[in-house]
Q: 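What follows is a single structure, and I will ask about it in a moment.
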Amino acid sequence: MKALTYQGPGKKGWVEKEKPGIQKPTDVIVKITKTTICGTDLHILKGDVPAVTEGRTLGHEGVGVVEEVGSAVRNFKKGDAVLISCITSCGSCPNCKRQLYSHCSDGGWILGHLIDGTQAEYVRIPHGDNSLYPIPEGADEEALVMLSDILPTGFEIGVLAGQVKPGDSIAIVGAGPVGMAVLLTAQFYSPGRIIMIDTDEARLEMARQFGATDTLTVGKDDVIASVMDMTDGLGVDVAIEAVGVPATFDTCQKIVSAGGNIANVGVHGTAVDLHIEELWIKNINISMGLVNTNTTPMLMKTLQSGKVKPEQLITHRFKLGEIEQAYEVFGNASREKAMKVILTQ
Ligand SMILES: NC(=O)c1ccc[n+]([C@@H]2O[C@H](COP(=O)([O-])OP(=O)(O)OC[C@H]3O[C@@H](n4cnc5c(N)ncnc54)[C@H](O)[C@@H]3O)[C@@H](O)[C@H]2O)c1
Ligand SMILES: [Zn+2]
Ligand SMILES: [Zn+2]
């Protein structure tokens with residue numbers, strides 16, 4: 001079979017690789033029908049994630065059809081259409097028992113990281129019973145690919161951890177796929193004002209189409225002063241960080257109101273200055289974490305009922321065999337006006 005593999009910093013290849021087989025009775029082999037590329041894959045390719053070794057197949061998102069099941073798999077059989085979660089979980093270890101799937105003792109984020117991922121013709125999913133979800137009849141498979149990672153991430157780590165409530169003023173710093181997923185899922189709770197902040201004007205235009213009430217351009221607008229103006233000098237109830245750099249976390253600590261929440265979604269590679277000397281008196285909460293994907297069944301229902309339309313985030317479509325071209329487009333997202341790409345086999 002063919003797979004997109006990491007071949008050291010800056011190098012990748014669409015290469016011939018052995019088709020995965022069952023290794024443990026709980027494994028499921030899935031034939032990929034649709035997959036996508038995540039910003040995390042770009043980080044891996046730069047060499048930012050040293051745990052990824054040469055030859056590793058990338059990708060942790062996708063939908064497919066069950067090709068083969070291990071002897072202990074009870075929920076799936078050959079031919080079933082499935083959604084692959086970016087988080088693999090056994091469902092029975094102490095962390096899984098409290099739905100902290102991202103910290104499963106035999107799983108977590110391993111796909112396209114510690115084991116071969118979804119940017120291939122076939123993938124082996126460990127603990128298939130708990131790490132795959134059946135696709136409802138007639139569901140939009142492209143929309144479902146957004147449920148492997150970005151929608152649960154934005155919803156769990158941004159909206160739920162940030163405790164977005166009806167009428168709240170919220171700010172989302174970062175209008176990439178994850179910030180957009182926060183924007184889409186925050187609207188379940190009818191916030192009064194949604195201020196989207198980014199450097200990229202095209203992404204902010206997209207954010208306005210998807211429900212942002214206000215947008216601010218970093219480098220052009222005075223972001224802090226504008227947010228304060230918009231909120232009668234109080235700041236926002238919820239400030240959500242969806243970039244992963246010190247400057248954007250700093251923005252969040254400057255615009256959060258007393259009694260508010262800072263929800264950090266971004267993955268950070270360097271330390272940030274926490275201004276506890278200003279924040280201690282403000283009765284705020286700060287949250288952060290890795291997505292658990294425990295809300296995936298709920299998000300599937302909202303997708304089925306048309307309450308959320310994540311397919312809006314798809315800007316480009318390719319055949320799986322054109323994945324190197326897709327990386328070229330996604331890697332130059334601003335120039336190409338790309339948000340999410342879909343690869344179909
Ligand atoms: N916590 C989790 O479980 C989890 C899961 C998936 C992704 N993430 C992280 O979420 C973050 C966002 O992911 P993404 O795929 O949307 O990333 P992305 O790189 O596609 O988007 C980031 C956005 O931030 C904007 N930006 C860059 N610098 C900025 C600045 N100084 N001020 C304002 N905006 C700025 C960019 O223009 C871009 O639109 C990343 O750090 C990613 O690693 C976290
Ligand atoms: Zn991802
Ligand atoms: Zn577990």
Side-chain angles (χ1 to χ4, degrees), residues 26 35-44 48-49 58-62 84-113 117-119 126-127 129-131 145-146 148-158 161 171-183 196-204 206-207 215-221 223 240-252 263-269 287-293 313 330-334 337-341:
T26 46
T35 184
T36 182
I37 307 172
C38 177
T40 305
D41 301 321
L42 300 180
H43 278 296
I44 293 171
D48 290 350
V49 189
L58 298 184
H60 48 266
E61 297 159 278
I84 300 165
S85 173
C86 68
I87 300 293
T88 302
S89 58
C90 75
S92 58
C93 73
N95 282 335
C96 280
K97 287 282 192 197
R98 44 183 188 147
Q99 293 216 322
L100 203 58
Y101 298 148
S102 59
H103 294 276
C104 171
S105 60
D106 190 35
W109 173 46
I110 56 173
L111 273 183
H113 177 205
T118 55
Q119 289 167 10
H127 300 295
D129 274 340
N130 211 57
S131 311
V145 175
M146 308 297 118
S148 286
D149 175 358
I150 62 167
L151 246 72
T153 295
F155 183 55
E156 294 170 20
I157 311 300
I172 303 165
V173 189
V178 170
M180 291 290 184
V182 176
L183 172 63
M196 202 91 184
I197 302 165
D198 202 290
T199 49
D200 186 330
E201 304 262 9
R203 289 192 156 184
L204 291 175
M206 207 169 176
T215 55
L216 292 169
T217 311
V218 175
K220 199 177 117 202
D221 296 312
V223 170
I240 298 167
E241 198 286 337
V243 185
V245 298
T248 47
F249 183 81
D250 195 49
T251 300
C252 291
N264 180 84
V265 188
V267 172
H268 291 261
S287 58
M288 61 195 80
L290 180 59
V291 63
N292 287 306
T293 66
L313 301 178
F330 187 70
N332 294 287
S334 183
K337 298 198 178 352
M339 188 59 71
K340 274 305 245 189
V341 301

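When a ligand or atom number is given, it counts from 1 through the structure's own listing order.
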Q: With heavy atoms under 4.0 Å as the rule, classify the contact between V243 and ligand 1 as side chain, backbone, both or neither.
A: both
Q: Within less than 2.8 Å, report the number of protein N/O/S atoms around the Zn ion (ligand 2).
A: 3
Q: Before signing off on this row, confirm whether T199 and ligand 1 have an N or O atom pair separated by under 3.5 Å.
A: yes
Q: For ligand 1, which part of V291 has a heavy atom less than 4.0 Å away: the side chain, the backbone, both, or neither?
A: both
Q: Any idea which protein heavy atom is nearest atom 7 (C) of ligand 1, and the distance to it?
A: V178 CG2, 3.8 Å
Q: What protein heavy atom lies closest to atom 12 (C) of ligand 1? Include the residue and the distance to one decimal.
A: A242 O, 3.2 Å
Q: May I ask you to identify the nearest protein heavy atom to atom 37 (O) of ligand 1, giving residue, atom name and distance to one decimal place in Å?
A: D198 OD1, 2.6 Å
Q: Side chain or backbone, does V265 bring an N or O within less than 3.5 Å of an N or O on ligand 1?
A: yes
Q: Any atoms of ligand 1 less than 4.0 Å from a non-hydrogen atom of L290? List them with their elements.
A: 3 (O)
Q: Run through the protein N/O/S atoms less than 2.8 Å from the Zn ion (ligand 3) and write them out by chain and number.
A: C90 SG, C93 SG, C96 SG, C104 SG
Q: Between I150 and ligand 1, which part of the residue brings a heavy atom under 4.0 Å of the ligand: side chain, backbone, both or neither?
A: neither
Q: By number and element, which atoms of ligand 1 are closer than 4.0 Å to a non-hydrogen atom of V218?
A: 32 (N), 33 (C)
Q: Regarding ligand 1, does P177 bring an N or O atom to under 3.5 Å of one of the ligand's N or O atoms?
A: yes
Q: Considering only protein heavy atoms, which is closest to atom 5 (C) of ligand 1, and at what distance to one decimal place?
A: T153 CG2, 3.3 Å
Q: Return yes or no for this condition: an N or O of D200 is under 3.5 Å from an N or O of ligand 1.
A: no
Q: Check whether the side chains of E241 and T248 place a donor and an acceptor atom closer than 3.5 Å, and report yes or no.
A: yes
Q: Mark up the atoms of ligand 1 that fall under 4.0 Å of a heavy atom belonging to G266, in ascending order.
A: 9 (C), 10 (O), 11 (C), 41 (O)
Q: What part of V267, side chain from CB on, backbone N/CA/C/O, both or neither, has a heavy atom under 4.0 Å from ligand 1?
A: both
Q: Backbone N or O of T293 within a donor-acceptor pair of the E156 side chain at under 3.5 Å?
A: yes
Q: Does the protein place a non-hydrogen atom closer than 4.0 angstrom to atom 41 (O) of ligand 1?
A: yes
Q: Could a heavy atom of A175 be found less than 4.0 Å from some atom of ligand 1?
A: yes
Q: Less than 4.0 Å is my threshold; does some heavy atom of G289 fall inside it relative to ligand 1?
A: yes
Q: Any protein heavy-atom neighbour for atom 21 (O) of ligand 1 (distance below 4.0 angstrom)?
A: yes
Q: Considering heavy atoms of the protein only, find what lies nearest to atom 30 (C) of ligand 1 and give residue, atom and distance to 0.1 Å.
A: T248 CG2, 3.6 Å
Q: Quick check: does any side chain N or O of N264 sit under 3.5 Å from a backbone N or O of G266, one acting as donor and the other as acceptor?
A: yes
